[in-house]
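Just below is one structure, and these are the notes that go with it.
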Amino acid sequence: MFGYLLKRLISAALVLVAVSILVFALLNVIPGDVAQTLAGDSASQEQIAAKRRELGLDRPLPVRYLEFAQGVVHGDLGKSAISGRPVSTLLMERFGATVNLALAALALAVFFGLLAGTIAALRAGGYVDLLVMMFTTLGESLPSFWFSLLLIQFFALHLGWLPVLGAGTLAHLVLPAISLALPAIALIARMVRGCLLDVKNADFVRTAHAKGLSHFAVWREHIFRNAILPVITMLGLYLGNLLGGAFIIETIFAWPGLGRLVVQAIFDRDFPVVIGAVLLIALIYQVLNILVDLAHAWFDPRVGTEAM
Amino acid sequence: MRTLRYLALLALVLIMAGCGAAPQAATTPVVQPTTAATEVAAATSAATSEATVEATVEATTEPTEVATEPVMGGTVTRAITAEPTSLDPHAAPGSGQNIILPYIFETLIFRDMDNTYKPYLAKSWEISEDGLSVTFVLRDDVIFHDRTPLNAEAVVFTFNRFKDAKTSAGEGLAMMTGVEAVDEYTVRFTFSAPSAVFFSTLVTPYASIVSPTAVAAAGDAFGQQPVGTGPFKLAEWQQGTAVVLERNSDYAWAPETISNAGAPYIDNVVFKVIPDAATQLAALQAGEVDLIFVNSPNHISKLKEDSSVQMIETQMNSMIYLGFNLAKTPLDDVKVRQALSHAINKDEIQMAALNGMGEVAFAPMAPTLPGFDPSLKDLELGYDPAKATELLTEAGFAPGPDGTMTKDDQPLNFVLLTFARAPNEDVATLIQNQLKAIGVNVEIQQFDTATAAKAATEGQFHLILWRYDRNDADVLNVNLHSDRIGSSNRFGYSNPAVDALLDQAAQELDEVKRAALYVEAQKLIMPDAPWQPLYIPVDVLAISKRVEGFHLASMGRILLQDAQVVAP
């Protein structure tokens with residue numbers, strides 16, 4: 001177990017190094033840089049070049065990368081080229097709001113997704129099943145920004161129950177969390193239903209029934225436990241997605257999350273912020289991947305950690 | 001491109017959502033003016049009130065006195081699209097920042113709606129005979145938020161810091177050779193040559209006077225802890241969400257255009273960061289913000305039905321134009337540029353871009369800037385496709401096999417560069433169609449602002465759909481003087497006679513004479529056709545009727561010292 005974790009952590013670190021090199025190189029390929037943003041619209045090429053020298057952007061790429069990597073090893077992600085504030089501070093200011101929103105959306109998605117999927121599977125072929133399937137098709141195909149605006153129109157403007165935008169209280173969390181969770185609820189419901197139905201017809205389930213186990217025990221111990229594995233994998237990816245920032249939802253609800261910070265930084269060509277944020281997101285994915293694998297092992301003892 | 005597509009979709013969604021939504025009257029606060037005597041006043045000049053088509057406020061040149069006891073307290077909330085990165089006036093200019101700075105900071109002088117300069121922190125000023133020195137006498141009753149007194153030393157400190165920052169906002173100080181304290185409240189600026197643009201630089205928020213003690217104490221963090229002399233001071237900056245200002249209770253030095261010389265009546269001004277225009281609209285209707293700027297025609301028509309909101313059309317010192325790159329053949333031929341100019345139907349563009357609001361531009365100078373003259377309309381290269389074809393034929397072009405105008409086997413294929421911002425895509429497409437009609441092919445290249453700016457500076461275009469925002473007539477020097485080729489003169493335009501007039505205007509400190517020089521320069525520029533002026537963008541201010549007594553000032557500023565919140 002310990003050896004396995006160590007192996008996974010080492011590979012995660014290597015992935016982070018690779019990601020940082022890739023992003024560093026990519027950012028230097030896209031046209032325009034922060035010197036242009038800072039020097040202003042009417043600056044001459046000489047002024048821009050002077051600004052670039054001032055910021056150290058004229059030095060070779062490997063030199064800048066090594067300097068950056070050295071900082072990261074010492075826990076220093078550098079400073080924003082635009083505001084001069086430490087990147088770690090900027091990321092932390094936003095990360096809390098992102099985590100709140102992501103966890104709220106995840107909770108909604110898991111609860112309603114599992115509920116709807118299980119009910120549909122239990123009543124497969126019936127009216128309830130049909131209804132759930134119709135809902136999932138709708139939930140997956142509705143564009144989230146459109147759905148968000150509808151939610152605002154109805155719950156914030158027409159009924160006046162909830163605030164239009166902003167963060168801080170539980171009431172602020174409701175609409176963006178629903179908007180973010182909707183496609184995931186649909187996806188999870190569909191997946192849970194499919195997996196449950198697959199497993200339901202498996203040989204070992206028939207055996208379990210033949211053993212004389214109660215209907216409930218068969219579902220809980222045999223069907224559900226086996227059907228949940230692909231759902232967990234999907235949830236890990238989904239949570240990574242949410243924590244990486246949900247730019248569109250954040251923009252619509254003026255939610256002070258990571259996504260907006262990163263997109264603004266990309267437009268400003270504020271590279272230290274972009275790289276810091278990408279590294280953070282990559283780290284989150286690595287951690288989630290490890291957690292998902294551990295969860296697999298917990299749900300399904302056959303998935304031994306030694307074998308992985 | 002992606003964001004642009006989302007914006008377009010959002011606009012569509014709003015129309016659809018609007019169809020299904022029930023009336024909002026149930027949740028929007030109903031405004032009950034407390035007294036009839038409390039009149040809303042807007043300090044606007046006659047010139048701008050003409051442009052104020054939808055204005056429901058009483059536009060007067062002098063603000064109306066508030067007869068009754070003012071309503072104290074309350075908060076005015078304004079939506080801003082982008083969060084400022086810094087509130088240091090001398091940091092690199094960015095959006096959001098210049099909206100908030102004038103509430104926290106003040107400048108030596110300000111510019112009234114009629115483009116004249118008025119005293120602010122300076123009581124008076126004097127220009128020497130040769131125009132090489134300007135002496136300001138400061139008010140002696142002003143203190144910064146940190147209680148440091150405002151004196152000559154603070155002004156000297158500010159301008160040295162501003163000049164050393166070398167930001168694009170500080171270009172107007174190029175001729176300034178020094179600034180010195182003559183006595184406690186007198187400051188003298190010296191120049192290597194008379195500088196007209198110095199005055200228009202002084203009125204920008206970037207020339208705000210900062211507290212030297214606060215700068216020394218805060219160091220690099222001054223942008224997060226700004227200290228000025230303004231009617232409001234920073235209370236809290238909730239990163240990513242809002243900037244909260246509170247009343248400066250020491251304040252007692254408002255300029256004459258403000259009735260209330262003392263501290264503001266309202267407690268707080270809050271700037272909420274709301275990136276999405278549709279959300280801004282919803283927030284206004286839900287009463288979560290009081291003040292937004294709208295420019296989407298759909299949003300405007302939606303707000304017109306809302307009786308709790310008043311709308312005022314405001315013009316910025318801005319222009320949208322189609323520029324030509326003279327460094328690329330055959331655009332070095334004036335006949336080709338004139339032909340392209342004549343092929344442009346500006347009325348059609350105004351309809352598409354502004355839904356008929358605002359106005360079409362004809363001269364290089366925006367109507368709100370000195371040096372604008374209605375008589376220049378006679379020189380406009382107006383819509384005349386037959387003339388366009390004739391000019392192209394004169395320049396040696398003839399229709400090729402596919403109908404494209406061709407000369408020496410070179411068909412007219414142009415790259416049109418523009419940046420992603422509504423309604424540029426629509427306008428670019430219209431231009432493409434209009435030029436197609438005279439046999440000119442246009443390929444549109446639309447990029448995000450940073451990418452487009454780089455391509456523009458490097459001259460990677462034939463045609464450029466661009467915009468200027470500048471509060472001074474020197475916009476012509478910046479864009480069309482041959483000294484600026486390779487930087488802000490993206491067109492490669494060079495005319496020695498124009499250069500001479502622009503140089504002269506830059507050193508002319510008499511505003512009337514200076515304006516006349518700019519009119520002369522435009523008379524030479526317009527037939528040369530380095531760019532075709534298209535239209536003047538409009539922003540519509542939508543403000544909740546619970547806020548009364550605000551003033552509109554030049555450069556789109558909204559002053560709140562007289563403002564009162566008359567409904568909860």
Side-chain angles (χ1 to χ4, degrees), chain A residues 30-34 36-48 50-51 54 79-80 82-85 89-90 93-94 97 143 145-146 148-150 152-154 156-160 163-168 248 250-257 260-261 263-264 266-270, chain B residues 3 6 9-10 13-14 16-18 20-24 26-28 79 82-83 85-86 91-94 166-169 171 220-221 223-224 238-242 272-276 278-279 282-283 285-286 288 447-455 457-458 468 478-479 484 486-488:
Chain A
I30 59 172
D33 61 27
V34 73
Q36 174 107 37
T37 313
L38 287 174
D41 207 23
S42 55
S44 67
Q45 297 201 22
E46 291 77 54
Q47 282 168 303
I48 296 170
K51 202 82 195 173
E54 191 187 314
K79 286 180 175 179
S80 155
I82 301 270
S83 67
R85 305 183 63 216
T89 311
L90 289 171
E93 274 169 2
R94 300 301 187 91
F145 62 89
W146 183 80
S148 321
L149 287 172
L150 276 189
I152 290 178
Q153 282 290 332
F154 190 69
L157 284 181
H158 182 58
L159 295 175
V164 172
L165 60 94
I248 294 166
E250 285 176 9
T251 301
I252 291 174
F253 290 98
W255 190 266
R260 262 170 63 205
L261 179 78
V263 171
Q264 189 56 49
I266 292 173
F267 281 136
D268 289 343
R269 306 288 191 264
D270 192 350
Chain B
T3 7
Y6 277 121
L9 275 166
L10 278 175
V13 162
L14 201 99
M16 293 167 76
Q24 278 93 35
T27 48
T28 40
E83 182 174 26
T85 45
S86 165
K166 292 199 181 80
T167 61
S168 54
E171 275 180 5
D220 285 347
Q224 268 65 48
Q238 302 156 355
Q239 288 289 334
T241 308
K272 268 195 192 164
V273 185
I274 311 178
D276 182 60
T279 314
Q285 294 189 315
E288 286 178 37
F447 300 116
D448 68 281
T449 314
T451 311
K454 184 174 162 69
T457 308
E458 291 172 356
Y468 73 65
V478 170
N479 282 291
R484 299 289 194 126
S487 58
S488 48

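This one's a predicted model, so the numbers in the text were calculated from it and none came from an experiment. Letters A, B, ... are given to chains in the order of the sequence lines, protein chains preceding strands, and every chain is numbered from 1.
Neither the backbone nor the side chain of B/T449 comes within less than 4.5 Å of any heavy atom in chain A. Looking at A/L165, both its backbone and its side chain come within 4.5 Å of chain B, counting heavy atoms on both sides.
With sequence neighbours excluded, the residues satisfying side-chain contact (heavy atoms from CB on, under 4.5 Å) with B/S86 are B/D88, B/A91. Partners of B/T241 by side-chain contact (heavy atoms from CB on, under 4.5 Å), not counting sequence neighbours, listed by chain and number: A/P256, B/Q238.
No donor-acceptor distance shorter than 3.5 angstrom exists from the side chain of A/T251 to the backbone of B/D276, with no hydrogens or angles considered.
Residue A/K79 places its NZ atom among 12 or fewer non-hydrogen atoms of other residues, nucleotides or ligands, all under 6.0 Å distant.
Ranked by non-hydrogen atom pairs under 4.5 Å with chain B, the options A/P143, A/A254, A/S80 are led by A/A254. Options B/A450, B/A221, B/G223, B/A242 differ in how many heavy-atom pairs under 4.5 Å they form with chain A, and the most are formed by B/A450.
Taking CG of A/D268 as the reference point, atom OG1 of B/T85 lies at 7.5 Å (rounded to 0.5 Å). Rounding to the nearest 0.5 angstrom, the gap separating the CD atom in B/E83 from the CZ atom in A/R260 is 7.0 Å. If you take CD on B/Q239 and OG1 on A/T89, they are separated by 9.5 Å, rounding to the nearest 0.5 Å. Taking CZ of A/R269 as the start and CG of B/D448 as the end, the distance is 4.5 Å to the nearest 0.5 Å.
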